[in-house]
Peer 1: 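Mind looking over this structure? Questions follow.
Start at 1 with the first residue, then count along the sequence.
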Amino acid sequence: QVQLVESGGGLVQAGGSLRLSCAASGRTFSISIMGWFRQAPGKEREFVAAISWSGDRTYYADSVKGRFTISRDNAKNTVYLQMNSLKPEDTAVYYCAAGRSPIIYTNPGQYTYWGQGTQVTISS
């Protein structure tokens, strides 16, 4: 099993920044891809960004490209999501996910492990 623990959510004004963290523990050797998803009230969970476990590949949703940056710290088994130029439409619960396939999927069903989520609220 793999355990994922997110942190770093909060309330910020539009235009501000936040950095989310996701610490992985357990059988991390089985992880190939780490991703961030988000879910706003009444909406489906949507892909935000993903990174290979080695850190050499990244992929972003068009809605966050140029504003968000995903990165990882191998020594800490931690993945980060730096979010800049935040907009009210970025408001959602953000989830960290881990997948065992080396392919970067945007479908949440392809990810095996999930964190508990962290709330991000952007005020206008």
Peer 1: Under a 4.5 Å side-chain heavy-atom rule over Ile, Leu, Val, Met, Phe, Trp and Tyr, are W114 and I33 clustered together?
Peer 2: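 Yes.
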
Peer 1: Checking K65 now: which residues fulfil salt bridge (Lys or Arg N to Asp or Glu O under 4.0 Å) with it, not counting sequence neighbours?
Peer 2: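 With sequence neighbours excluded, K65 shows a salt bridge (Lys or Arg N to Asp or Glu O under 4.0 Å) to D62, given in chain and number order.
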
Peer 1: Only pairs at least two apart or in different chains count here, so list each salt bridge (Lys or Arg N to Asp or Glu O under 4.0 Å) that has a residue in residues 47-60.
Peer 2: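 For residues 47-60: none.
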
Peer 1: Can you sort out the partners of T121 under side-chain hydrogen bond (donor to acceptor under 3.5 Å, both in side chains), two or more places apart, ordered by chain and number?
Peer 2: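 Partners of T121 by the side-chain hydrogen bond (donor to acceptor under 3.5 Å, both in side chains) criterion, ordered by chain and then number, come out as Q119.
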
Peer 1: Can I get a per-line list of side-chain donor-acceptor pairs under 3.5 Å for residues 11-24, giving both atom names and the distance, sequence neighbours left out?
Peer 2:
residue	atom	partner	partner atom	Å
S17	OG	N84	OD1	2.9

Peer 1: For E89, what residues pass the side-chain hydrogen bond (donor to acceptor under 3.5 Å, both in side chains) criterion, not counting sequence neighbours?
Peer 2: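 So E89 forms no side-chain hydrogen bond (donor to acceptor under 3.5 Å, both in side chains) with any residue.
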
Peer 1: For I70 and W36, which heavy atoms make the closest approach, and how far apart are they?
Peer 2: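 Heavy-atom minimum between the residues: CD1-CD1, 3.6 Å.
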
Peer 1: Sequence neighbours left out, what passes salt bridge (Lys or Arg N to Asp or Glu O under 4.0 Å) with R67? Give chain and number order.
Peer 2: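 Result, salt bridge (Lys or Arg N to Asp or Glu O under 4.0 Å) vs R67: D90.
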
Peer 1: Ignoring hydrogens and angles, write down the donor-acceptor pairs under 3.5 Å from the side chains of residues 72-79, residues two or more places apart or on other chains.
Peer 2:
residue	atom	partner	partner atom	Å
R72	NE	W53	O	2.8
R72	NE	N74	OD1	2.2
R72	NH2	N74	OD1	2.8
D73	OD1	A75	N	3.0
D73	OD1	K76	N	3.3
T78	OG1	K76	O	2.9

Peer 1: Would V48 and V120 show up in the same hydrophobic cluster when neighbours are defined by side-chain heavy atoms closer than 4.5 Å?
Peer 2: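 Yes; tracing contacts between hydrophobic side chains, which count when under 4.5 Å, links both residues.
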
Peer 1: Applying disulfide (SG to SG under 2.5 Å) as the test, list every pair that has at least one member in residues 27-62; sequence neighbours left out.
Peer 2: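 Every candidate disulfide (SG to SG under 2.5 Å) pair involving residues 27-62 fails, so no pair, neighbours aside, qualifies.
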
Peer 1: For Q116, is there any backbone N or O sitting under 3.5 Å from a side-chain donor or acceptor partner on E6?
Peer 2: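 It does hold such a pair.
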
Peer 1: Provide the full list of ring-ring contact (aromatic ring centres under 6.0 Å, His included) pairs with a residue in residues 1-26, sequence neighbours left out, each pair given once.
Peer 2: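 Output for this query is empty, none listed.
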
Peer 1: F47: which residues meet the ring-ring contact (aromatic ring centres under 6.0 Å, His included) condition with it, sequence neighbours left out?
Peer 2: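 Expected list: F37, Y59.
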
Peer 1: Would F68 and M34 show up in the same hydrophobic cluster when neighbours are defined by side-chain heavy atoms closer than 4.5 Å?
Peer 2: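 They do share one cluster, since a chain of ILVMFWY contacts under 4.5 Å joins F68 to M34.
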
Peer 1: Of the non-hydrogen atoms in S30 and V2, which two are nearest, and what is the gap between them?
Peer 2: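 In this case the closest contact between S30 and V2 is OG-CG2, 3.9 Å.
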
Peer 1: If you look only at distance, which donor and acceptor atoms sit under 3.5 Å apart when one is on a side chain in residues 95-113 and the other is two or more places apart or in another chain?
Peer 2:
residue	atom	partner	partner atom	Å
S101	OG	I103	N	3.2
N107	OD1	G109	N	2.8
Y111	OH	Y105	O	2.6

Peer 1: For E46, enumerate each residue passing the salt bridge (Lys or Arg N to Asp or Glu O under 4.0 Å) test, keeping only those at least two apart in sequence or located in another chain.
Peer 2: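 Per chain and number, E46 pairs via salt bridge (Lys or Arg N to Asp or Glu O under 4.0 Å) with R38.
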
